[in-house]
Amino acid sequence: MSFEINVALKGKHLFATHPRSMQSIFEVARVYKVIREKFPASQGFNISLTENPEIFYGADMKEVDKAIMANDTDALSKLFSR
(Lines give C-alpha, C1' and ligand atoms only; values in the text may rest on other atoms or scores of the structure.)
Protein backbone atom coordinates (compact mmCIF):
# COMPACT_ATOMS: atom_id res chain seq x y z
CA MET A 1 0.00 0.00 0.00
CA SER A 2 1.25 3.47 -0.76
CA PHE A 3 0.13 7.02 -0.25
CA GLU A 4 0.43 10.26 -2.20
CA ILE A 5 0.15 13.82 -0.94
CA ASN A 6 -0.98 16.45 -3.44
CA VAL A 7 -0.48 20.17 -2.95
CA ALA A 8 -2.50 22.79 -4.83
CA LEU A 9 -2.18 26.56 -4.79
CA LYS A 10 -5.39 28.53 -5.23
CA GLY A 11 -7.08 25.53 -6.80
CA LYS A 12 -4.29 24.60 -9.24
CA HIS A 13 -2.09 21.55 -8.85
CA LEU A 14 1.38 22.51 -7.69
CA PHE A 15 3.09 19.18 -6.94
CA ALA A 16 2.62 15.68 -5.53
CA THR A 17 4.80 13.22 -3.69
CA HIS A 18 5.63 9.98 -5.46
CA PRO A 19 3.50 7.02 -4.29
CA ARG A 20 6.57 5.03 -3.30
CA SER A 21 7.69 7.83 -0.96
CA MET A 22 5.25 6.79 1.76
CA GLN A 23 4.51 3.15 2.40
CA SER A 24 3.04 3.45 5.88
CA ILE A 25 0.72 5.71 7.83
CA PHE A 26 3.69 6.68 10.02
CA GLU A 27 5.58 7.98 6.96
CA VAL A 28 2.44 9.83 5.88
CA ALA A 29 2.23 11.57 9.26
CA ARG A 30 5.89 12.60 9.16
CA VAL A 31 5.72 14.01 5.62
CA TYR A 32 2.31 15.62 6.09
CA LYS A 33 3.52 17.63 9.09
CA VAL A 34 6.38 19.10 7.06
CA ILE A 35 4.21 19.88 4.03
CA ARG A 36 1.49 21.43 6.20
CA GLU A 37 4.05 23.71 7.83
CA LYS A 38 5.68 24.76 4.54
CA PHE A 39 2.43 25.15 2.56
CA PRO A 40 -0.18 26.71 4.90
CA ALA A 41 -3.86 27.02 4.03
CA SER A 42 -3.67 30.68 5.09
CA GLN A 43 -1.52 31.31 2.00
CA GLY A 44 -3.91 29.57 -0.39
CA PHE A 45 -2.49 26.04 -0.32
CA ASN A 46 -4.67 22.94 -0.22
CA ILE A 47 -3.29 19.53 0.75
CA SER A 48 -4.95 16.24 -0.11
CA LEU A 49 -4.01 12.63 0.57
CA THR A 50 -4.80 9.57 -1.51
CA GLU A 51 -4.19 5.90 -0.84
CA ASN A 52 -3.01 3.71 -3.70
CA PRO A 53 -3.66 0.09 -2.70
CA GLU A 54 -2.84 -1.23 -6.18
CA ILE A 55 0.71 0.04 -6.29
CA PHE A 56 3.19 -2.64 -5.33
CA TYR A 57 6.97 -2.40 -5.26
CA GLY A 58 8.73 -5.71 -5.01
CA ALA A 59 8.17 -9.30 -4.03
CA ASP A 60 9.77 -11.90 -1.79
CA MET A 61 12.83 -12.92 -3.81
CA LYS A 62 12.84 -16.43 -2.35
CA GLU A 63 9.35 -16.92 -3.76
CA VAL A 64 10.32 -15.30 -7.06
CA ASP A 65 13.32 -17.62 -7.37
CA LYS A 66 11.24 -20.66 -6.46
CA ALA A 67 8.57 -19.84 -9.07
CA ILE A 68 11.11 -19.14 -11.81
CA MET A 69 13.15 -22.26 -11.11
CA ALA A 70 9.96 -24.34 -11.18
CA ASN A 71 8.84 -22.68 -14.43
CA ASP A 72 5.62 -21.81 -12.58
CA THR A 73 4.42 -18.69 -14.39
CA ASP A 74 1.11 -18.73 -12.53
CA ALA A 75 2.87 -18.53 -9.15
CA LEU A 76 5.19 -15.83 -10.47
CA SER A 77 2.27 -13.79 -11.75
CA LYS A 78 0.49 -14.05 -8.39
CA LEU A 79 3.53 -12.58 -6.62
CA PHE A 80 3.09 -9.36 -8.56
CA SER A 81 -0.67 -9.01 -8.35
CA ARG A 82 -2.85 -7.92 -5.50
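Every heavy atom of this structure was used, including side-chain atoms; hydrogens, water molecules and symmetry mates were not.
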Handout entry: Heavy-atom closest pair, residues E27 and S21
Key = OE1-O, 4.1 Å

Practice task
Indicate the atoms forming the closest heavy-atom contact of M22 with V31, along with that distance.
Solution key: SD-CB, 3.7 Å

Enter the distance from [X]:[atom1] to [Y]:[atom2] here, rounded to the nearest 0.5 Å.
X: T17; Y: E4; atom1: OG1; atom2: CD; result: 5.5 Å
X: R30; Y: F26; atom1: CZ; atom2: CZ; result: 12.5 Å
X: L14; Y: N46; atom1: CG; atom2: CG; result: 11.5 Å
X: D72; Y: E63; atom1: CG; atom2: CD; result: 10.5 Å
X: L9; Y: F15; atom1: CG; atom2: CZ; result: 10.5 Å

Problem - Q23 backbone acceptor or donor facing S2 side chain under 3.5 Å - result: no

Close side-chain approach of [X] and [Y], heavy atoms under 4.5 Å:
X: I47; Y: N6; value: no
X: I35; Y: V7; value: yes
X: V34; Y: K38; value: yes

Practice task
Tell me whether the centres of the aromatic rings in Y32 and F3 are closer together than 6.0 Å.
Solution key: no

